[in-house]
Amino acid sequence: MTEHRVQPKLIIHGGAGSSLKGGISAVRKSLYAVIEEVYAMLLAGVTARDAVVRGCQRLEDDPCFNAGTGSVLQSDGQIRMSASLMDGTTQRFSGVINVSRVRHPIELALTLQSCNDRVLSDYGSAELVRELQLPIYDPLTEIRLQEWMLERAGNFTKDMAGVVAERELVEDRAGRGTIGVVALDGEGRIAVGTSTGGKGFERIGRVSDSAMPAGNYAMSQAAVSCTGIGEDIIDECLAPRIVIRVADGLPLQAAFERSFEEAYKNGRDLGAIGLDRTGAIAWGKTSEVLLAAYHTGEKVGDTLEWQGQHRVAGVSS
Ligand code: GLY
């Protein structure tokens, strides 16, 4: 085991939205498997950035979540994914918007970290996939196709798809899935990654907050990944709002509380996870549930049964 200057910390999410209607144990199992693997990497000395990328890849591979495999379909029946990565040490953001036919959109964001042009839209992202010679990959799952077919049969009355792919399609569920990972490594470096299939049933060309700093932001002091309705997250500019408050001296949980108080007053529907360089971890939501899990070095916990609207909580180091 590597000697650490600081105790590594990790928090991940698999979206926010309305009640899971019984899917809690499956989601917990998925999140904990990722927490265990990625926390072990941090203990072994992997950088926060590489740990975040691995965590995002694992969540993108899980058909339960709305990112990578299991992404929702847009109004025209196509899947277009967005992902971004921000390294707090270099304060460098990179991402792809509305990319198709790739297994791990976060991998493209990682490649772009060292490029001059660091955010690519659909056409540029497709070119990058070709340049990297990544295999063509279809992230479509049967349950997401059925969800779209059901909505198409009703001529698209919903404005978004379900937060997680549940075995049974439930007519009245509403969700805002996305995945995110925030890590503090043993050298005190912070990174954050966020990846999504979008809202589901959206207009072609709609741009998600997940590939903008509004939904995914890091400085050397703190980092935050958001989930929920992208437009609400953009209007609050939520991730930088929280991170900059920490950089200006507010404790992490106080920064979450102030920012979520404002988001709640503004009628937003969203959630966020974050950590700071002191090792504090925090999360918040205005939605009914937030699907998050964390590792403090001493304990593993989650927010799956943390119900009721407008709440902020956390664990300090
Ligand atoms: N937060 C994900 C989206 O709205 O696209």
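Order of listing sets the numbers, starting from 1, for every ligand and every atom in it. These numbers were taken from a predicted model, which means no experiment stands behind them.
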Exercise. Counting from 1, what ligand 1 atoms have a heavy atom of K199 closer than 4.0 Å?
Worked result: 4 (O), 5 (O)

Exercise. Counting from 1, what ligand 1 atoms have a heavy atom of G198 closer than 4.0 Å?
Worked result: 5 (O)

For this session: Name the orientation class of the two ring planes belonging to W283 and W306 (parallel below 30°, tilted from 30 to 60°, perpendicular beyond 60°).
Result: perpendicular

Exercise. Who pairs with Y217 by ring-ring contact (aromatic ring centres under 6.0 Å, His included), at least two apart in sequence or on another chain?
Worked result: none

Exercise. With distance as the sole criterion, is a donor-acceptor pair present between the side chains of N266 and E236 under 3.5 Å?
Worked result: yes

Identify every side-chain donor-acceptor pair in residues 129-138 under 3.5 Å, counting partners at least two apart or on other chains, and give the distances.
{"unit_1": "R130", "atom_1": "NH2", "unit_2": "E127", "atom_2": "OE1", "d": "3.1"}
{"unit_1": "Y137", "atom_1": "OH", "unit_2": "T69", "atom_2": "OG1", "d": "2.6"}
{"unit_1": "D138", "atom_1": "OD1", "unit_2": "L140", "atom_2": "N", "d": "3.0"}

Problem set entry | Distance-only donor-acceptor check, side chains T196 and S82, under 3.5 Å | no

Problem set entry | Ionic contact status for K199 with E231, cut-off 4.0 Å | yes

Exercise. Do S30 and D62 meet the criterion of a side-chain donor-acceptor pair at a distance under 3.5 Å?
Worked result: yes

Problem set entry | Any N or O of S208 closer than 3.5 Å to N or O of ligand 1 | yes

Problem set entry | Geometric N/O contact G228 with ligand 1, under 3.5 angstrom | yes

Problem set entry | N or O contact, I229 vs ligand 1, cut-off under 3.5 Å | no

Problem set entry | Proximal ligand 1 atoms for D209, defined as those under 4.0 Å from one of its heavy atoms | 1 (N), 2 (C), 3 (C), 4 (O), 5 (O)

Problem set entry | Close N or O approach (E231, ligand 1; < 3.5 Å) | no

Problem set entry | For ligand 1, the portion of R206 having any non-hydrogen atom under 4.0 Å away | side chain

Problem set entry | For T178, the ligand 1 atoms whose distance to one of its heavy atoms is below 4.0 Å | 1 (N), 2 (C)

